[in-house]
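Worksheet: the structure to be examined is printed underneath.
Values in this document were obtained by computation on a predicted structure and should not be read as measured data. Labels below follow one simple rule: chain letters A, B, ... track the order of the sequence lines, proteins then strands, and each chain is numbered from 1.
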Amino acid sequence: EPLRIAVASNFKPALEQLLPAFSANHPDTKITLSAGASGQLFTQVSQGAPFDLFLSADAVYPSKLHAQGLAFAPLPYANGRLLLLSRTPASQWQGAVQNAARVALANPTLAPYGAAAKSLLEGAGLWRQPNLKAPVLASNIAQVQQWFDTGNVDVAFAAAALFKPDDSTQVFDLTALLEHPIEQHLVILKRSRLQASATEFCDYLRSQPVQQQLKQLGYSPIATPNREAADI
Amino acid sequence: MSLRANIKVLSGSLDCALPATGITVIFGESGCGKTTLLRTLIGLEKAAGSIFLGSTTWQDAQRFITPSQRHIAVAFQEPRLLAHKTALENILLGQQNTTKACHYDAITKALDLDRLLHQKAQSLSGGEQHRVALARALSKDACAVFLDEPLTGLDQQRRKAAMGLIQQAAETKPVLLVTHQLDELLALAQYLILMGKNQTLCGEIDALINEPILTQQRGHEYSILTGPLQPNPASDLHAIDLGAGQTLRITPKIHAAGTDKIRVAIDARDVSLSLSRAEDSSIMNILAAKVVELQPAHEGAIKVTLNLGSQLLRALISSHSAQKLALKPGLALFAQIKATVQIR
Amino acid sequence: MSLRANIKVLSGSLDCALPATGITVIFGESGCGKTTLLRTLIGLEKAAGSIFLGSTTWQDAQRFITPSQRHIAVAFQEPRLLAHKTALENILLGQQNTTKACHYDAITKALDLDRLLHQKAQSLSGGEQHRVALARALSKDACAVFLDEPLTGLDQQRRKAAMGLIQQAAETKPVLLVTHQLDELLALAQYLILMGKNQTLCGEIDALINEPILTQQRGHEYSILTGPLQPNPASDLHAIDLGAGQTLRITPKIHAAGTDKIRVAIDARDVSLSLSRAEDSSIMNILAAKVVELQPAHEGAIKVTLNLGSQLLRALISSHSAQKLALKPGLALFAQIKATVQIR
Amino acid sequence: MPLPAASVQAILLTLELAFISTLLLLILATPLAWWLQKSHAWYARVTEIIVALPLVLPPTVIGFYLLIAFSPNHWLGAQWLAITGQTLAFSFTGLVLGSMIYSLPFVVQPLQSAFAQLDKGLLEMAQVQQLNLAQQFRHIIFPLCKRGFIGAAVLGFAHTMGEFGVVLMIGGNLPNETQVASIAIFDAVESLNYSAAHQLSLVMLAIAVAALLTLYWRKGAAR
Amino acid sequence: MPLPAASVQAILLTLELAFISTLLLLILATPLAWWLQKSHAWYARVTEIIVALPLVLPPTVIGFYLLIAFSPNHWLGAQWLAITGQTLAFSFTGLVLGSMIYSLPFVVQPLQSAFAQLDKGLLEMAQVQQLNLAQQFRHIIFPLCKRGFIGAAVLGFAHTMGEFGVVLMIGGNLPNETQVASIAIFDAVESLNYSAAHQLSLVMLAIAVAALLTLYWRKGAAR
Ligand SMILES: Nc1ncnc2c1ncn2[C@@H]1O[C@H](COP(=O)(O)OP(=O)(O)OP(=O)(O)O)[C@@H](O)[C@H]1O
Ligand SMILES: Nc1ncnc2c1ncn2[C@@H]1O[C@H](COP(=O)(O)OP(=O)(O)OP(=O)(O)O)[C@@H](O)[C@H]1O
Ligand code: MOO
Ligand SMILES: [Mg+2]
Ligand SMILES: [Mg+2]
């Protein structure tokens, strides 16, 4: 039986980078990934989807699962970074949004990155303004990137983890402007029959070397890596 | 096993008991309800009434058995072949279900279908399709056979062959046949169902041969003469004893084994009259007769009823000739019979 | 506008020039290729060769115009009605495209369709459907009419009415008609296309009436007598002058206005022979004749060829009678003619 | 409980999309299916396969390629942008286009089946009676293939209504423009807003039953 | 470049799902369509509407109600859990069930159309020839409605292959269990793994063309 990991879309590419090293040490543990918006994965877990581990893009969904008794205590595993990508040059991110032909963000009701973007727009008074074109909502943060990559939108609220820098794109790092930083938590699900493997995987993810590696993958490391691991 | 029916039909009701073997011809103008009657007897159409075949109830107030339980063979008015199957496959359709083996080869041979047996039905000509449908009906093991205009689209030779096969089938079971052709009716019918606008008649052919429904169609009458056959081994001309010392010479087509009496239909138009016996004529049948009655028929023609001694004969002649011969009731003369049709 | 065709058919090739008006009957046994020939002429089937109607090219090595450009009327072997439309809608189908108004009422009346005009085609009986299809073809404005067994499934009265309508249509344009019925052929044909196994013949009816293709089918021959009509105002019996001082009396059915010559077909079986002139007989036509030739026909029958002076007459009598009358070539006798059919 | 305006919008949008797409598809598919059925040319066979492709391709494949084609980096998207000043992606027009591609075979297939079963004898008769193509269509092809047309319309409409994958990829969830009912329900369910999901689903169910009742009632009357 | 194992899995899973669902559907839909076509009873009409419902309902509505039915709080889901120890949601069996409901009308509709066009005269002839039901099916109904059966199978298969909304809602994107190709492509596109998406799409395209070529080649041969 594989270790089934439900992973928020923003973290899937990073996780794929990190898997080979883990698999080298745990050859018996086969891992399958199911990606989606955090909210979508949360819904599936609460409806009984047979996941062992849930890597959310925020702390809220994991704590809800914990509160419902479906999961053990949530643990942070990364801090996400929100970027604004613009194809047309702008001095400020607000200007980029105002001048955009199309702005894309992830669906705030399902994706924490989208929720974060929405809160910024609301703060700047740019949310659902009649004089602005309505932003298109992607079903998860990865789709935002894809819309931007294919040229269908010219401004996008994206995850740093999914963005590959190029010359024609102007990038604003909005992480610091966020009222609530994107603290990504994971939970081991109580239904899991592979709790030992899941715990091993958590430990690996939260280990110092991995956390250092995350910096190159578009995240900030967690503050106190690998301390509460024993509490699980 | 005779077929008895008492059912509602378009023109009223039909109450008949068909012979257990032999052919019943259903006759009537186009649209009078022949096909509907056949479909009712088969069980494809429901009409109030009862139908029995021998001791089996096909339909009565309580029961109604389906066409497939009636164990019958049918040739519909249209061929109803499976276009994607060969002629032979169409003929054999469903025959594996019956207990008896299917002997189709004599039938397909007689209907000249052998060459076509492995041709797809959709590529057959109209007449070929009709023949395949007829072969399917005739080769099926059945308690009764229903044929709706089975000879349409056939040329004379094939028609004759088909008529022979139908007569064969009628030797062991009742056959019901719809036709518009008088020659077919005369050649085949033993029992008639005549469907008119306001009534439906049924009965032996002798009784109904001069019903208006028939005579209106053909425009003239028939006589039926009957008597025991006296074979003549020296010639193929046999004699029929008509009683009162008169004989009729015919070439019998149907060797009615077992029945000593033979019946012959004579078209009133095929009878000519002469005051003296023409000894030097090629007409073979010249019978002494007495005029019974003269009736005007359609324009310029007179219907003459003659007494041959113990049987009646009808002649249709021009009023011109009637005048010339000074015909009147009681006059003795000679009836020359040009053609005869042996009936069942 | 006469129809000329030189095309390949099943049994070889056909090269004919049909009359500009009048009926051409296509005759041949079931499956010989009549429908295929008709379809080729219509343009629904392609065959090598050329077809012209008057000065219009329907098909040649270079050109091929579609059936709808040929401006024709067709009654197919099957009715081909639109089941969801009424009889009248079927009859009028496409007629709004032609310039002339459609005069269907005389036709539907004659075919006894008036009662059925507003009935859905799917609920019509088989014969009714055929009549609707025939009415559709006959009421269409067309340069030529093609009828594939148009009289199947019709009773005698409707058949007669239909034949009248077909003859009417043939007064102004060529009509091609397929039939298996000899009486229809005789009543309608002016020109014949006879399709056999190995050859296809075409020509005037006089020339082809005793072709084996025809005589094999009917089993006996016909004679055709011709001469100017001499009307008799006092009676409906008119006389035809056969030459050599002999006359034939007939009741003309077709008042061939303009043509002084009339042609009459006589079935060899309808001729009886007598050594003396029977003056007291109801047979009206008794002609002096001389035996030309005796030939054995089928079993027990002899075919006698007679010379009427300037025309030949054929008789079919029993060998028994031939013996009795001691027939031999050169013998003078009298031919009694029982029935005549006026042809075109 | 009155339906929120957003739900009403989503439902109306869905019906509009399905209706417009089906209508356009019927107009397009009828001659196409006829030609495919009649022609024996090799390019008719090739076209047949191209038309049938969306049958076997998951909607996401279609959505993916549409996304690429719609982008201003590509010919189609660039042209559209130049002409209309708008991107095809995230627009109602884009959805109609996507729906049509997605549902085309579902409309062509029943029509082609119906045309194949058409009695050739009747078409020959029509030719002889000199019916032109429009008359042949009106008097013969349409009435005899009515069930095929109904089938094509129903399947086309339904398949468009059920379109989700394509819309999810090229729609962008814009209220009143691309947020169709299936997307709205998906969002509601995924965000555990079951009461909204229930409401929307029930309304869709009611509309469905009403539509079918109308359809079958008419069919029953025609029988 | 060899196809990644996950993609192969996804494709095989998709084909398996579509194949099993279509097969089961044909077995189920044939008698159902026959009965719906023949019966004049009111409950046949009601059934007709129920069968047609998935036609007009967005897949997400179906997915939503399935999700509810599959949940252990409901009778079906509870029974299933008690018997198999697994939830129906997020399982292959659940997907088959969902696909069947989702695609049922797409199979019933072409069959019903074909049955309606069946020549009644031939069925009467079959009755008289005493063909039993199996023989009637084999000799008449099936050969004459072949196009209907092909249409039903193709549309059913295609619609199942293209199923995305239902799977997304009740499948859960589990590799080798419920991650069908449409989901995998969506996933690949979403993970910005465009080359994988292209690859998968092309493989699906190739399979589609191959399938269609086989189908049309056979159809051509049968013509
Ligand atoms: N597509 C075909 N393939 C093979 N043979 C065919 C095809 N179409 C017709 N035939 C054959 O060609 C012959 C002529 O057919 P056609 O329909 O012309 O006959 P017909 O003279 O009209 O006969 P009928 O009087 O029975 O209508 C038939 O033997 C028929 O079986
Ligand atoms: N469903 C129907 N609705 C109305 N009239 C019908 C229906 N079916 C048959 N008829 C009529 O019933 C009459 C009898 O039809 P039927 O088929 O029994 O005639 P038929 O005697 O077999 O004629 P034919 O010799 O032309 O085959 C016809 O006038 C026909 O129009
Ligand atoms: O990674 Mo998310 O949950 O799509 O913002
Ligand atoms: Mg009839
Ligand atoms: Mg023919």
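Taking chain E as the reference chain and counting heavy-atom pairs below 4.5 Å, the highest number among D:Gly148, D:Ala181, D:Ala114, D:Gly151 is found for D:Gly151.
For chain D, no part of E:Ile62 is nearby; none of its heavy atoms comes within less than 4.5 Å.
Taking the six-membered ring for Trp and thresholds of 30 and 60 degrees, D:His159 and E:Phe106 have ring planes more than 60 degrees apart, a perpendicular arrangement.
Closest approach of D:Gln117 to E:Leu144, counting heavy atoms only: NE2-O, 3.8 Å.
The 12-atom threshold is exceeded at NZ of E:Lys38, counting heavy atoms of other residues, nucleotides or ligands nearer than 6.0 Å.
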Report task. Just do the side-chain contact (heavy atoms from CB on, under 4.5 Å) check on E:Tyr65 and D:His198 with the steps written out, would you? Result -> CA-CA 9 Å; E:Tyr65 285 123; D:His198 259 303; 4.0 Å; yes

